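Worksheet: one structure, shown below.
Note that the structure is a prediction, hence the values are computed from the model and not measured.
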Amino acid sequence: MVAEEFVKIKEIDRSETINLIYVQQGPDIVEVVTDHECGRWNEDQIRQLEERYHYELINGGTAVGSFDNELLVGFGVLAHNFRGAKSDQLQVDLMYVSQNYRRQGIATRIIQEVS
């Protein structure tokens with residue numbers, strides 16, 4: 001994806017119900033039951049996403065999208081900053097797949113493309 005394609009991100013339906021999260025407590029990973037509704041993006045969230053998207057691309061990050069014809073159904077952004085103790089790791093900064101397209105391997109393919 002290129003910077004100008006950001007406008008298509010509004011097409012992603014990120015909505016879901018999150019019932020369980022995992023939290024690190026010391027050396028342990030603990031399950032925490034939750035009932036969190038994650039709805040569609042509002043205008044402020046879209047603005048924040050746009051800023052992060054453009055920041056990463058301008059600074060050398062990479063964006064990959066998955067399309068169903070012209071409809072953007074998933075995307076991921078690989079951040080530009082190296083991290084880790086050896087500064088040899090990159091972070092996937094943004095990763096979303098539309099609700100009706102999940103469990104089809106789209107996120108896996110996006111991760112493979114940015115790797």
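Val77 places none of its side-chain heavy atoms less than 4.5 Å from the side chain of Met95. Put simply, the side chain of Trp41 reaches to within 4.5 Å of the side chain of Tyr96, judged on heavy atoms. Contact annotation: the side chain of Ile46 never approaches that of Asn42 to less than 4.5 Å [non-hydrogen atoms, C-beta and beyond]. In this structure, Val97 and Val73 have side chains that are not in contact, with every pair of non-hydrogen atoms separated by 4.5 Å or more. Between Phe75 and Ile9 there is a side-chain heavy-atom pair separated by less than 4.5 Å. Here the side chains of Arg52 and Asp93 are in contact, with some heavy-atom distance below 4.5 Å.
Contacts classified as side-chain hydrogen bond (donor to acceptor under 3.5 Å, both in side chains) and involving residues 55-77 (residues at least two apart or in different chains) are given here: Glu56-His80, Asp68-Tyr101. Applying the ring-ring contact (aromatic ring centres under 6.0 Å, His included) test to residues at least two apart or on different chains, none of the pairs has a partner in residues 10-29.
With rounding to the nearest 0.5 angstrom, the CG atom of Leu94 is 11.5 Å from the CD1 atom of Ile110.
Put simply, Leu78 and Val2 are part of two different groups of oily side chains (I, L, V, M, F, W, Y) that touch within less than 4.5 Å, one to the next. Following chains of ILVMFWY side-chain contacts shorter than 4.5 Å, one cannot reach Leu71 starting from Leu49, and the two form parts of different hydrophobic clusters. Both Ile106 and Val114 belong to a single network of hydrophobic side chains, linked directly or stepwise wherever heavy atoms of I, L, V, M, F, W or Y lie under 4.5 Å apart.
The number of heavy-atom neighbours closer than 6.0 Å to CZ of Arg103, taken from other residues, nucleotides and ligands shown, is 12 or below.
Under a 3.5 Å cut-off, the side chain of Arg14 and the backbone N or O of Gln99 do not form any donor-acceptor pair. For the pair Arg40 (side chain) and Ser15 (backbone), a donor-acceptor distance under 3.5 Å is absent. Within the 3.5 Å criterion, the main-chain N or O of Gln48 finds no donor-acceptor partner in the side chain of Glu51.
Considering all non-hydrogen atoms of both residues, Ala63 and Leu57 come closest at CB-CD1, 3.7 Å.
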Side-chain donor-acceptor contacts of residues 26-37 below 3.5 Å, not counting sequence neighbours, with atom names and distances?
residue	atom	partner	partner atom	Å
Glu37	OE1	Thr17	OG1	3.1
Glu37	OE2	Thr17	OG1	2.6

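Using a 4.0 Å cut-off between a side-chain N of Lys or Arg and a carboxylate O of Asp or Glu, Glu5 and Lys8 do not qualify as a salt bridge.
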